[in-house]
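All residue numbers in this chain count up from 1 along the given sequence.
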Amino acid sequence: MFVAKFVARMAVLAAAALGAASFGTASLAEAKTLRWASQGDALTLDPHSQNEGSTTAMNSHVYEALISRDPSLAKVPGLALSWKTIASDVWEYKLRPDVKFSDGTPFTADDVVFSYNRALSPSSDFKAYISSIKEVKAIDPLTVHIITDGPNPILPDYTSAILIMSKAWSEKHNVAKPQSFKDKEETYAVRNAMGTGPYTVKQRDPDVRTVLEKNPTYWGAQQFPNYPDELVYAPIKEPATRVAALISGQVDFVLDAPLQDIARIKQTPGLKTEETAQVRSIFLGLDMGSPELKYSDVKGKNPFADKRVRQAMYQAIDINAIKAKVMRNFSAPAGLTTAPGVHGYTKELDQRLKYDVAGAKQLMAEAGYPNGFGVTLDCPNDRYNNDEQICQAIAGMLAQIGIRIDLQARSKTLHFPKLQKKDSSMYLLGWGVPTLDSHYVFTFLYQTEDAAKKVGGWNYTGYSNPKMDELTDAMLKEVDQAKRDKMIADAWALAVADMPYLPLHHQLIVWSMSDKVTIPIFANDAPNFKYSTIK
């Protein structure tokens with residue numbers, strides 16, 4: 001009884017946080033407001049600071065890219081009406097006319113040039129998206145030329161992820177460079193935003209409440225006439241409280257209802273779900289490059305540098321048990337760190353090594369660790385579906401081969417900066433692929449980190465293979481599709497063989513909502529509320 005009352009009380013508190021911004025005046029009360037929740041907030045409103053899915057999803061309601069993605073994730077015109085190559089190393093983008101930022105100033109090619117240069121800055125987490133760009137030129141107010149270092153046949157896929165800021169607004173507020181998130185830098189763009197998208201920021205209280213309201217100058221108002229007037233978002237970390245808020249009607253939409261409650265939600269009158277396979281894979285990263293692990297009781301050497309240890313850990317993880325007991329079957333066991341739907345994915349390579357504790361113990365003994373060792377596992381507890389529970393299960397499984405896990409679970413607001421400072425020996429990470437092309441995975445996760453080349457930005461394993469680097473660089477420029485596909489296949493074969501990451505599963509996602517809400521589910525797990533309606 002106490003637990004039920006506590007959950008109900010927490011739901012009321014969450015509802016108060018959601019509703020406080022929505023009922024200040026009668027006119028707002030009459031507006032169509034959609035209240036929604038998930039377990040973790042956007043990290044920042046700076047659109048070039050953090051390449052993190054839920055952060056980009058929030059920012060994409062305010063800022064827009066040259067190319068957008070529709071509910072099927074197909075590329076469609078955004079701030080650019082058309083794009084084409086006019087030379088082997090030049091893409092031309094024709095911009096949408098008569099677009100205004102929400103402060104009424106016109107959107108022009110100068111804003112595109114500014115935004116791309118900003119996204120290439122050292123503090124940008126998006127620089128690897130556009131590392132091949134040599135120059136961005138404004139040819140006239142509505143024409144942009146992007147010059148690349150050699151051909152780049154997939155540049156449009158990458159430009160769908162670079163959000164456009166106002167040059168004038170950014171310079172006025174001294175945010176011409178992106179926020180350095182890992183250094184906890186605070187800038188005007190962290191809590192304020194001004195774009196061309198369907199919403200403007202009315203209120204931003206990080207980790208408490210974010211209120212977005214319709215942009216009165218939105219160019220797409222006729223194309224999307226019925227989307228909600230206001231979005232009120234509150235992070236609700238406690239799973240039971242998120243469900244209680246949805247069932248009680250205090251929120252209209254929950255992005256990540258606990259998997260164990262999905263059946264209950266489906267059976268509740270007035271509620272419904274949308275489900276799909278997500279373009280995101282969950283895996284473990286291992287620091288295999290350091291001479292000695294920072295967080296381990298092994299001194300003078302690095303056990304993760306030995307592939308036999310990495311393979312033993314892989315084969316000691318019973319992924320089918322995790323699927324059944326932790327994920328409630330809302331996952332697909334993975335042998336790759338990329339999911340179906342990504343160009344270059346093959347079912348043949350996406351096969352796991354068999355679960356084999358005896359074989360794993362033998363590998364540990366052969367590597368010189370018959371009694372195992374201790375190591376810290378860093379895990380987020382508010383980012384992926386049941387992330388902390390996954391780590392808890394893995395800790396128990398690795399104990400079977402003598403690996404003693406010190407599990408450190410923390411909010412993603414602390415987890416990601418820790419990784420970006422290379423302050424982890426072993427970590428859980430999920431990787432979505434907004435470009436839907438394998439090159440994105442290789443250039444961020446597998447290429448040797450090279451700040452000058454702007455590659456390897458999320459490779460915290462220390463993995464470095466010249467052949468992988470060569471293949472990744474080559475596939476970015478190859479215009480012959482058959483040759484390019486062979487490069488991708490070779491790179492995936494190398495990734496599987498070298499095993500710097502231990503793949504776990506591909507996520508299946510479930511969006512839960514009131515039956516008053518209509519919204520198509522996006523396989524990138526990023527709700528785009530301009531496609532939604534609420535009764």
Side-chain angles (χ1 to χ4, degrees), residues 51 65-70 72-95 112-113 115-117 119-120 126-137 139 143-164 279 336-346 349 431-447 450 453-457 467-495 523-524:
N51 180 27
L66 295 178
I67 299 173
S68 297
R69 299 275 183 181
D70 70 9
S72 72
L73 301 188
K75 294 189 292 291
V76 294
L79 290 177
L81 286 176
S82 65
W83 50 94
K84 65 180 180 180
T85 53
I86 58 171
S88 63
D89 59 350
V90 181
W91 281 88
E92 181 177 84
Y93 289 76
K94 289 291 187 180
L95 305 183
V112 177
V113 174
S115 297
Y116 272 71
N117 288 333
L120 284 166
F126 288 81
K127 51 188 177 290
Y129 279 80
I130 49 177
S131 61
S132 68
I133 291 178
K134 291 172 62 177
E135 187 179 5
V136 183
K137 290 183 177 181
I139 304 305
T143 306
V144 170
H145 285 177
I146 298 181
I147 299 95
T148 55
D149 181 15
N152 183 342
I154 59 171
L155 187 69
D157 294 306
Y158 278 108
T159 54
S160 67
I162 305 300
L163 300 176
I164 304 301
V279 186
L336 291 178
T337 54
T338 204
V342 175
H343 182 79
Y345 167 91
T346 61
L349 280 174
W431 201 250
V433 187
T435 66
L436 302 182
D437 188 272
S438 289
H439 176 268
Y440 177 86
V441 189
F442 297 133
T443 195
F444 272 102
L445 296 179
Y446 288 90
Q447 276 198 292
D450 187 329
K453 289 176 61 180
K454 302 180 175 67
V455 299
K467 183 62 177 175
M468 175 66 79
D469 296 341
E470 178 187 332
L471 285 167
T472 305
D473 286 340
M475 73 179 68
L476 184 62
K477 298 181 179 183
E478 183 54 64
V479 295
D480 184 304
Q481 193 61 57
K483 290 180 180 178
R484 185 172 189 274
D485 287 348
K486 176 65 165 56
M487 293 172 183
I488 292 174
D490 289 348
W492 276 122
L494 200 58
N524 60 3

Participant: Just verifying a value: how many Å separate Lys134 NZ and Leu120 CG, rounded to the nearest 0.5 Å?
Facilitator: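 Those atoms lie 13.5 Å apart.
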Participant: Which heavy atom in Ala65 sits nearest to a heavy atom in Ala161, and how many Å separate them?
Facilitator: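 Taking Ala65 first and Ala161 second, the nearest heavy atoms are CB-N, 4.4 Å.
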Participant: Tell me, please, which residues at least two apart from Lys454 pass salt bridge (Lys or Arg N to Asp or Glu O under 4.0 Å).
Facilitator: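 For Lys454 there are no salt bridge (Lys or Arg N to Asp or Glu O under 4.0 Å) partners, ignoring immediate neighbours.
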Participant: Kindly compute the distance separating CD1 (Ile146) from CG (Asn152), expressed to the nearest 0.5 Å.
Facilitator: 9.5 Å
Participant: At what distance, to the nearest 0.5 angstrom, does CG of Leu66 lie from CD1 of Ile162?
Facilitator: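 Going from CG on Leu66 over to CD1 on Ile162, the span is 9.5 Å.
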Participant: Name all residues meeting the side-chain contact (heavy atoms from CB on, under 4.5 Å) criterion together with Ala87; count only those two or more places apart in sequence or in a different chain, and write none if there are none.
Facilitator: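 Counting only residues at least two positions away or on another chain, Ala87 forms a side-chain contact (heavy atoms from CB on, under 4.5 Å) with Asp89, Val90.
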Participant: Judged by atom type as modelled, is there a donor-acceptor pair below 3.5 Å linking the side chain of Ser131 to the main-chain atoms of Lys127?
Facilitator: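 Answer holds: no.
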Participant: Kindly compute the distance separating CG (Leu471) from CD (Glu478), expressed to the nearest 0.5 Å.
Facilitator: 11.5 Å
Participant: Ring pair (Phe, Tyr, Trp, His ring centres under 6.0 Å) with Tyr158: which residues, sequence neighbours excluded?
Facilitator: Tyr129, His439
Participant: Which atom pair, heavy atoms only, marks the closest approach of Leu349 to Ala493?
Facilitator: CD1-N, 4.0 Å
Participant: Measure the shortest side-chain to side-chain distance between His145 and Ile86 over non-hydrogen atoms and say whether it is less than 4.5 angstrom.
Facilitator: yes
Participant: Could you pull out the closest heavy-atom pair between Ile130 and Ala119, with the gap in Å?
Facilitator: CD1-CB, 3.8 Å
Participant: What heavy-atom pair brings Ser160 and Pro434 nearest, and what distance separates the two atoms?
Facilitator: OG-O, 4.4 Å
Participant: Leu436: what forms a side-chain contact (heavy atoms from CB on, under 4.5 Å) with it, not counting sequence neighbours?
Facilitator: Arg69, Leu73, Val279
Participant: Would you mind reporting whether Ile139 and Val144 have side-chain heavy atoms less than 4.5 Å apart?
Facilitator: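 Val144 does not reach Ile139 side chain to side chain.
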Participant: For residues Leu445 and Trp431, determine if any side-chain heavy atom of one lies less than 4.5 Å from a side-chain heavy atom of the other.
Facilitator: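 Side-chain contact under 4.5 Å: yes.
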Participant: Side-chain contact, heavy-atom cut-off 4.5 Å: Leu155 with Thr148?
Facilitator: yes
Participant: In chain order, what residues pass the salt bridge (Lys or Arg N to Asp or Glu O under 4.0 Å) check against Asp469, with sequence neighbours excluded?
Facilitator: none
Participant: Any chance you could measure Ser438, atom OG, to Met475, atom CE, to the nearest 0.5 Å?
Facilitator: 7.5 Å
Participant: For Asp490, enumerate each residue passing the salt bridge (Lys or Arg N to Asp or Glu O under 4.0 Å) test, keeping only those at least two apart in sequence or located in another chain.
Facilitator: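 With sequence neighbours excluded, Asp490 shows a salt bridge (Lys or Arg N to Asp or Glu O under 4.0 Å) to Lys486, given in chain and number order.
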Participant: For Ala339, what residues pass the side-chain contact (heavy atoms from CB on, under 4.5 Å) criterion, not counting sequence neighbours?
Facilitator: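 side-chain contact (heavy atoms from CB on, under 4.5 Å) list for Ala339, sorted by chain: Ser281, His506.
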Participant: Quick one: side chain to side chain donor-acceptor pair (under 3.5 Å) partners of Tyr116, sequence neighbours excluded?
Facilitator: none
Participant: Checking Trp492 now: which residues fulfil ring pair (Phe, Tyr, Trp, His ring centres under 6.0 Å) with it, not counting sequence neighbours?
Facilitator: Phe442
Participant: With sequence neighbours left out, what residues match Lys75 under salt bridge (Lys or Arg N to Asp or Glu O under 4.0 Å)?
Facilitator: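 For Lys75, the residues satisfying salt bridge (Lys or Arg N to Asp or Glu O under 4.0 Å) (neighbours in sequence not counted) are Asp157.
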Participant: With a 4.5 Å limit on heavy-atom distance, are the side chains of Asn51 and Phe444 in contact?
Facilitator: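 Yes - at least one pair of side-chain heavy atoms lies under 4.5 Å apart.
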Participant: Is there any salt bridge (Lys or Arg N to Asp or Glu O under 4.0 Å) pair reaching into residues 431-442, and which pairs are they, with sequence neighbours excluded?
Facilitator: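 Residue pairs with at least one partner in residues 431-442: Asp437-Arg484.
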Participant: What residues form a side-chain contact (heavy atoms from CB on, under 4.5 Å) with Glu135, not counting sequence neighbours?
Facilitator: Lys137, Ile147
Participant: Looking at every non-hydrogen atom in both residues, tell me the closest pair between Pro153 and Pro156 and how far apart they are.
Facilitator: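 In terms of heavy atoms, the two residues are closest at O-CD, 4.0 Å.
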